[in-house]
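This report refers to the structure that appears directly beneath it.
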Amino acid sequence: GDSVTQMEGPVTLSEEAFLTINCTYTATGYPSLFWYVQYPGEGLQLLLKATKADDKGSNKGFEATYRKETTSFHLEKGSVQVSDSAVYFCALASSASKIIFGSGTRLSIRP
Amino acid sequence: DAGVIQSPRHEVTEMGQEVTLRCKPISGHNSLFWYRQTMMRGLELLIYFNNNVPIDDSGMPEDRFSAKMPNASFSTLKIQPSEPRDSAVYFCASSLVHGVDTEAFFGQGTRLTVV
């Protein structure tokens with residue numbers, strides 16, 4: 001069945017460092033891909049999305065490109081801030097409209 | 001719109017008791033999801049509905065769990081009887097599906113503690 005695999009955390013970086021969180025997926029058809037962010041004590045919020053191959057989603061300095069050939073959707077940010085500390089989830093929406101999430105990656109940014 | 005509304009925000013109950021979690025999706029959305037989040041297992045999809053009809057309940061862990069969506073604006077997740085291992089944060093999410101262009105909006109979650 002459809003699945004999402006993302007790098008395990010926790011990831012700890014210094015402020016202004018470059019961030020990459022890897023995400024790969026397995027799906028039939030052409031799913032939409034998402035990154036969600038969860039701040040402490042809150043529900044998940046959509047960070048960015050891409051609905052077809054080679055699309056780049058971007059928001060708040062974060063980017064991810066839908067790579068069909070490598071079935072990947074890696075999250076990147078050029079310069080992280082302390083306020084980016086959160087748990088990040090990669091997800092896909094299958095042709096059955098089912099939304100499946102990865103296990104989440106906890107990111108901590110040191111001042 | 002107020003977003004997805006879940007109640008209660010926190011629930012503490014004794015083992016063996018019945019627990020009912022409630023969700024009001026965003027008006028106009030046609031899909032609703034129930035997820036469970038724990039440290040050990042991450043975010044698990046329990047069940048999802050499309051146009052009020054359960055489509056996939058393969059994630060429901062046991063017969064003790066049941067979910068209903070009697071109309072487009074309300075859903076419940078019931079655990080009977082509850083057990084300590086059911087302690088988790090339960091999230092409800094809703095979406096408006098356009099083929100695969102869909103985005104889930106999450107509620108704040110219900111933190112369930114079974115003692």
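Chain naming here is simple, since letters A, B, ... match the order of the sequence lines and numbering starts at 1 in each. What you see is a predicted model; the values in this text were computed from it and never measured. Values below: all heavy atoms of this structure, side chains included; hydrogens, waters and symmetry mates excluded.
Partners of K52(A) according to the salt bridge (charged side-chain N to carboxylate O under 4.0 Å, His left out) rule, which considers only residues two or more places apart in sequence or in another chain, are D55(A). Judged as a salt bridge (charged side-chain N to carboxylate O under 4.0 Å, His left out), and not counting sequence neighbours, the contacts of D84(A) are K77(A).
Following chains of ILVMFWY side-chain contacts shorter than 4.5 Å, one cannot reach L77(B) starting from Y48(B), and the two form parts of different hydrophobic clusters. Grouping the Ile, Leu, Val, Met, Phe, Trp and Tyr side chains by contacts below 4.5 angstrom, directly or via other members, places W34(B) apart from I100(A). Linking ILVMFWY residues whenever their side-chain heavy atoms come closer than 4.5 Å, directly or via other members, places L47(A) and L107(A) in the same cluster. One hydrophobic cluster holds both I21(A) and Y66(A) under the rule that ILVMFWY side chains link at heavy-atom gaps under 4.5 Å. Note on F49(B) and F33(B): separate hydrophobic clusters, where clusters join Ile, Leu, Val, Met, Phe, Trp and Tyr whose side-chain heavy atoms are under 4.5 Å apart, directly or indirectly.
Enclosure of atom CG in D63(B) is not indicated, since only 12 or fewer non-hydrogen atoms of other residues, nucleotides or ligands lie within 6.0 angstrom. Under a cut-off of 6.0 angstrom, the local environment of CD in E69(A) is crowded, with over 12 non-hydrogen atoms contributed by other residues, nucleotides or ligands.
Atom CD1 of I99(A) sits about 9.0 Å away from atom CG of L45(B), to the nearest 0.5 Å.
Neither the backbone nor the side chain of Q45(A) comes within contact range of chain B; no heavy atom of the residue lies under 4.5 Å from a heavy atom of that chain. Only the side chain of Q37(B) comes within less than 4.5 Å of a heavy atom in chain A; its backbone stays farther off.
Of the listed residues (N50(B), I55(B), D56(B)), just one forms a side-chain contact (heavy atoms from CB on, under 4.5 Å) with K98(A), and that residue is D56(B).
Using non-hydrogen atoms only and a strict 4.5 Å limit, the part of residues 5-24 of chain B facing chain A consists of R9(B). Annotation: residues 104-115 of chain B contacts chain A through A104(B), F106(B), G107(B), Q108(B) [non-hydrogen atoms, separation under 4.5 Å].
Minimum heavy-atom separation, F91(B) to Q38(A): CZ-NE2, 3.4 Å.
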